[in-house]
Amino acid sequence: MNVLLTGSAGFIGSHVAEALTAAGHRVRGLDLAPGGNGEAADVRDPGAVAGRLDGVDAVCHQAAKVGLGVDVSDLPAYTSANVQGTAVLLAEMARAGVGTLVLASSMVVYGEGAYTCDRHGPVRPGPRAEEALEAGRFEPGCPSCGRPLAPGAVGEDDPPGPRNAYADTKLAQEHLAASWARATGGSAVALRYHNVYGPRMPRDTPYAGVAAIFRSRLLDGREPLVFEDGAQRRDFVHVRDVARANVLALERAAADPGRGGLRAYNIASGEPRTIGDLAGALAAAFGGPGPRVTGGYRLGDVRHIVARPDRARRELGFSPSVAFADGMAEFARQPVTGS
């Protein structure tokens with residue numbers, strides 16, 4: 001297939017480009033940065049998008065502004081890059097008659113993960129109060145009785161509950177893709193990435209993932225600073241596994257044209273780890289100073305979010321191939337790219 005890959009020069013996009021090429025597909029890139037199988041262009045530019053869609057069979061949409069954000073002033077930037085950019089892309093796909101889309105979504109659309117109260121069963125706790133976080137009470141309580149909750153794993157049919165600007169825009173991308181698919185009869189897949197790490201992850205910025213932030217401190221000879229108590233549960237999935245999931249999803253969507261809707265998949269390792277586990281594994285791989293738990297917090301962060309990746313395994317044939325320990329050791333040895 002001829003594939004338009006947005007965000008082709010980025011951390012994940014560059015790996016997706018390699019995986020698509022290795023699978024025999026022809027990649028045409030679109031990215032704000034030069035390189036990545038194409039000249040620099042903005043996905044919000046209808047003319048640039050239209051030109052790159054000529055002769056394309058499918059689109060793999062990775063371009064996005066990522067990270068939790070710094071404060072409310074980030075709202076316009078997130079909305080412009082993620083929502084407007086996706087809307088322009090979908091409109092031009094409809095005009096060009098391109099009917100297959102794989103969208104890079106995120107586990108952030110779920111907000112807090114799945115929880116069970118021993119009295120009220122499955123529950124969805126609301127956002128954690130700042131006064132509770134300030135007092136070191138990090139675990140969400142049952143919204144009905146306040147009792148402690150047992151965290152579980154989310155499935156794709158669990159209701160969304162975004163908690164920050166980035167999450168809001170990723171869910172908006174999914175809604176737009178679903179609307180496009182219904183209106184055009186196209187086939188759309190949303191890959192809800194969990195915490196992606198690996199080679200080419202950019203150096204620490206205010207928008208970087210936690211693995212990049214920890215590695216940046218270790219490169220400077222400083223200990224990783226772990227927020228809350230370090231017991232937050234996440235799922236860390238290697239970027240090469242994410243790239244392979246994109247190839248599988250693209251080939252599946254192209255083989256099933258005219259679905260007229262959106263199908264979501266959790267792309268995760270299926271092996272939950274804590275943030276403390278991540279910091280400790282990276283510090284050990286570097287031979288650097290051990291992590292320090294600070295008790296700090298960020299409003300908009302969630303406590304636990306891990307996934308059930310069963311649907312991706314069953315329908316796409318996806319299963320992770322990079323073990324956590326091996327991936328962390330490789331990540332520690334890799335050269336660091338710019339911000």
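Predicted model only: the values in this text are computed from it and were never measured.
For the pair Arg124 and Gly113, the tightest heavy-atom approach, listed with the atom from each and the gap, is NE-O, 4.1 Å. Between Gly55 and Asn2 the shortest heavy-atom distance is O-ND2, 3.2 Å. Here the shortest heavy-atom pairing between Ser105 and Val109 reads OG-CG1, 3.9 Å.
Using cut-offs of 30° and 60° on the angle between ring planes, the pair Tyr197 and Phe324 is perpendicular.
Inter-residue side-chain proximity for Arg244 and Val247 is flagged as unmet; no heavy-atom pair is nearer than 4.5 Å. Between Tyr193 and Gln62 there is a side-chain heavy-atom pair separated by less than 4.5 Å. Pro224 places none of its side-chain heavy atoms less than 4.5 Å from the side chain of Leu282. With contacts defined as side-chain heavy-atom distances shorter than 4.5 Å, the pair Arg234/His194 does not qualify.
Here His120 contributes atom NE2 and Cys142 contributes atom SG; the two are 5.5 Å apart, rounded to the nearest 0.5 Å. In this structure, Ile213 CD1 and Met201 CE are separated by 8.5 Å, a value rounded to the nearest 0.5 Å.
Arg52 has no carboxylate O lying under 4.0 Å from a charged side-chain N of Glu92, or vice versa, which leaves the two without a salt bridge. Ionic pairing of Asp157 and Arg308 is not present here: no N-O contact between side-chain nitrogen and carboxylate oxygen is shorter than 4.0 angstrom. A salt bridge links Glu228 with Arg303; the closest basic N to acidic carboxylate O contact falls under 4.0 Å. In this structure, Arg28 does not pair ionically with Asp54, as no charged nitrogen and carboxylate oxygen lie closer than 4.0 Å.
Residues Leu191 and Val306 fall into different hydrophobic clusters, defined by Ile, Leu, Val, Met, Phe, Trp and Tyr side chains chained together at heavy-atom separations under 4.5 Å.
Side chain of Gln173 to main chain of Asn82: a donor-acceptor pair is present (N/O by atom type, distance under 3.5 Å, no hydrogens or angles). Under the 3.5 Å distance criterion, the side-chain polar atoms of Arg217 are matched with a main-chain donor or acceptor of Glu223.
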Candidate pair Asp310 and Arg313, rule salt bridge (charged side-chain N to carboxylate O under 4.0 Å, His left out), full reasoning: CA-CA 5 Å; Asp310 302 345; Arg313 181 174 60 250; 3.0 Å; yes
Salt bridge (charged side-chain N to carboxylate O under 4.0 Å, His left out) between Glu18 and Arg240, worked out: CA-CA 9 Å; Glu18 291 174 354; Arg240 286 196 298 274; over 6 Å; no
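Seen from the ring of Phe227, Arg298 does not count as a face-on cation partner, given the 6.0 Å and 45° thresholds.
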